[in-house]
Structure formats: C-alpha cells, structure tokens
Amino acid sequence: MTASATGTLLALPMDAAPVADISNDTWWITLIKAVFILVFLLLSVLGALWVERRGLGRMQTRPGPNVHGPFGLLQAVGDALKLILKEDFMLKGADKVLYLVAPFIAAFSAFMVYAVLPFGPEVSLFGVVTPLQLTDFPVAVLFILAITAFGVYGIVLGGWSSNSTYPLLGSVRSSAQVISYELSMGLSLVSVFLVSGSMSTSQIVDAQTRLWWFIALAPAFVIYVISMVGEVNRLPFDLPEAEGELVAGHMVEYSSMKFAWFFLAEYINMFNVSGVCVTLFLGGWRAPWPLSAIGGGVLNTGWWPMLWFIAKVWVVMFFMIWVRGTLVRFRYDQFMKLGWKVLIPVSLVWVVMVATVQGIRSFTNVPLQTMLFAIAGIFAVVMILLLVLPEKQPDANLTEDGYEPTDGIVDDDEEFDAFAGGYPVPPLPGQRLPDSPRRRRKLAEAAMVQEESDV
C-alpha cells in the first residue's frame, strides 16, 4: 500500500463500508464458518490445557504433567474425566434458575467474539469467493467490548445465586475488576480507532499493511496487554478466583459440567483477548517480516494467512501462560491502584496525544509513523521518570493504620463490639476487638504462672 493510500485509509469515516465483503455468502457458507469457529475454539482449549500443564510443569520443576502418558497427553484426559464424572449436586438454598443459567451466560458470551475476527483475506470456498471471517460491520470492536462486558454477568450471577459467602465475595471482586480494567482496555483501543479510521476489524487489519500498530502505538499495546490479563482473571490478576483466599471464588459451589462451563469460558476468553490483540496490534492475519516479503507477498494470499493468525494467537497465549508461571498474585489494593491510578490516566494521556497528532496531520504533510514514534519516545521518557522518582514517604506522625490521632495518643484499651448494630463492622482506629476465647485462656494461664512465680 502506498503512502497516499494509507493517508486515504486513515481518513475513512467511521461509517465506511467494511472491507470484508460477505454479500456472496450463502446460508451454508455461514454455517460452515460458524461450525469452524466453534470447533476451533473447543480444540484450542484442549490444546491450551495441554500446553499450560506441560509449560508450567517445566517452568516450576513439577514433572507430573509431563510424564502422565506420552507427551503428558493423559493429564488432559484425566482432567476431562474428572469434570465429567464428578458428582453434580444442586444447592438447597440457591436460586435454581440463575444457578443453572450463569455458567451458560459466561460460555455463550465467550463464543461470540471470534465471529467478527478475520482469519484471513478472501478465498474460494467450494466455488464461493468469501473472506475468512464470519461477519463484520463498522463497529465490530464495540461489539467485542459489549460481549466481554456481558460475560461478567455469568460470574456475578453465579456467585450471587449460590447463596454462599465466598462465591459472593468472588463475584463482587470480579465486577470491580471488570469495571476497572475494561476502562483501560477500551481507552487503549481508542488510539487504534483514530489511526485506522475505523472500528471494523477487517479495516483495522488492512490499515496495518505497512506498519503494525504495536510499533507505532507501543504505549497503547502495553496497556492493552496488561489489561487483557486482568480482564480474563489470570495471574497475577486472578483476584476474583484467588484460590489461596476464596477457594475458586464464584465457582466454589459448582461441580461437574456446570463448573466445566465456567472453566471453558475462562480459556476461551483467553483466546478472545489474544485474537483481539493480534487483530488490532499485531497485523492480524498478515505474515510477519521477512515472510511477508517473499514472492511479493504471496504468503499473505490464499489460505496461508490463517496459519499466521493462529500462530500469533498462540504466541500471545503462551505469553499469558509464561506470566502465570513467573509472577505472584497482587494484593487487592495494589491491583486497584494499578488500574485506576496508572493504566487509566496513562491511557487518557495517550489518547489525547494521538488525537493531537491526527489533528496536526490534517494540516501538515509529516508522515504518521514519524510523529507517532516521536510521541512514543517522549511518552516512554516520561514513564521512565515516573518510575525512577522516589515515592512519597509516609508521615511519621501517622499511626500504623494511616490515621493521625487527635491528641497524639491512641487508646488501645477501648474494646469494640463489632456486632452492636446487628451486623459485623470493622473497628476504627483507636478501637480493638475483644480478645478471642483462646487468647483469654492464654492470658489467664500466663497470669497464673506469673502469680506462682511471684509467690
């Protein structure tokens, strides 16, 4: 694509016709594509479980997943049998309708995203010229964001309908997490819309013919990668599930196939965010350089692009597996601080900068790549300075809880009845809960020993 063509593409209005022309598709072509996406996602989840088991086993020196059968394949068989053959129980106090519907909401939402992701360009399928994409429309990326937001209803309803404390805590954490990290994820995508001139996934891929956006929009790419890990509840952001604290979070009261639907939705969502990352930042189905230069771009035609798209998706998937095997879970306050105090403000600043660049380009002939590289360099320097600058030291006059006592003295002798109002509330600074029975016994024993020693 020439520079003038790129400039024309960047000036396309948001309501321009999508590049992917599916007008020739018959009902059976659409059915074939839908079945392919369904089978692709199911087989990919099986492959992801196998790769993750073996990969984490190697990274963490746990030989088990790698010796169960040839190439560790029997580990996946054991996991599948465990899910199928486990006892499927129904909670007595649960809201039965929502309890059963919640896993299906989560899984149904997960299957919808790949409907608008392009696997490749136009090909001949049984004599019909059709793009390797189920459907496309001018606001396809907004459709993706809406579907991912809808999926959290399955998690929230699953925790609430179980009529149990731990699942409810897990579902509440999940809602807070999605609100926090979907904001930064959506803002990171706005700069892609600005430079591509469209929200159509096929047009965004076409706009990356000469330059992939993860290079020109590096800050947005980094923000998206961090946000996508938080979006799918993966380590180090698996706060809703937090097995060490909430015992699988919202899925505590689920077993057998109902648990399997939640489990399936989690891994399909990993492929969803990976596919969106590839489509919007990594050139979509286009071959990486130098393969793209072979034969005048012959590897970007026909069925080859499907191979590049799937390979890129698996690279992003392995990155998430690698992160899980490397990092530990954040504390909840650290998690929220990263989302609201770092990612969202940085995303807003980056969007303003890219919008300014696009405005300047309408009056000058400076190449887009030059301006974006300059802005990204300045942005990187500012971020490095923010990381290097020392943090503000806490005030020495504050107590350990971060409060400043009015008279400089905290009355630790005042006992606090947490249940005085009928429901438990935490103590305020200067108050303390009554001693537990065990502690009272220990204090009494210590007092008796002290009295005997005094005598």
For [X] versus [Y], what's the shortest heavy-atom pair and its separation?
| X | Y | answer |
| --- | --- | --- |
| Ala110 | Ala265 | CB-O, 4.0 Å |
| Gln133 | Ser202 | OE1-CB, 3.7 Å |
| Ser256 | Ile84 | OG-O, 3.7 Å |

Do we see a donor-acceptor contact under 3.5 Å between the side chains of [X] and [Y]?
| X | Y | result |
| --- | --- | --- |
| Ser227 | Glu182 | no |
| Thr130 | Lys33 | yes |
| Ser198 | Gln203 | yes |
| Tyr267 | Glu52 | yes |
| Trp340 | Ser184 | no |

For the pair Phe335 and Phe237, name the ring-plane relationship: parallel under 30°, tilted 30 to 60°, perpendicular over 60°.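 Ring orientation, 0 to 90° scale: tilted.
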Do side-chain atoms of [X] reach the backbone of [Y] as a donor and acceptor pair under 3.5 angstrom?
| X | Y | result |
| --- | --- | --- |
| Ser109 | Ala106 | no |
| Gln177 | Val232 | no |
| Tyr224 | Leu280 | no |
| Tyr114 | Leu134 | no |
| Lys258 | Leu100 | no |
| Ser180 | Gly339 | no |

Once you round to the nearest 0.5 Å, how far does CG of Leu338 lie from CD1 of Ile226? 6.0 Å
Report yes if the distance between the aromatic ring centroids of Phe214 and Phe221 is under 6.0 Å, otherwise no. yes
Using the side-chain contact (heavy atoms from CB on, under 4.5 Å) rule, take Arg286 and Asp206 through it: C-alpha gap first, then chi angles, then the decisive distance, then the call. CA-CA 9 Å; Arg286 300 190 177 279; Asp206 192 64; 3.5 Å; yes
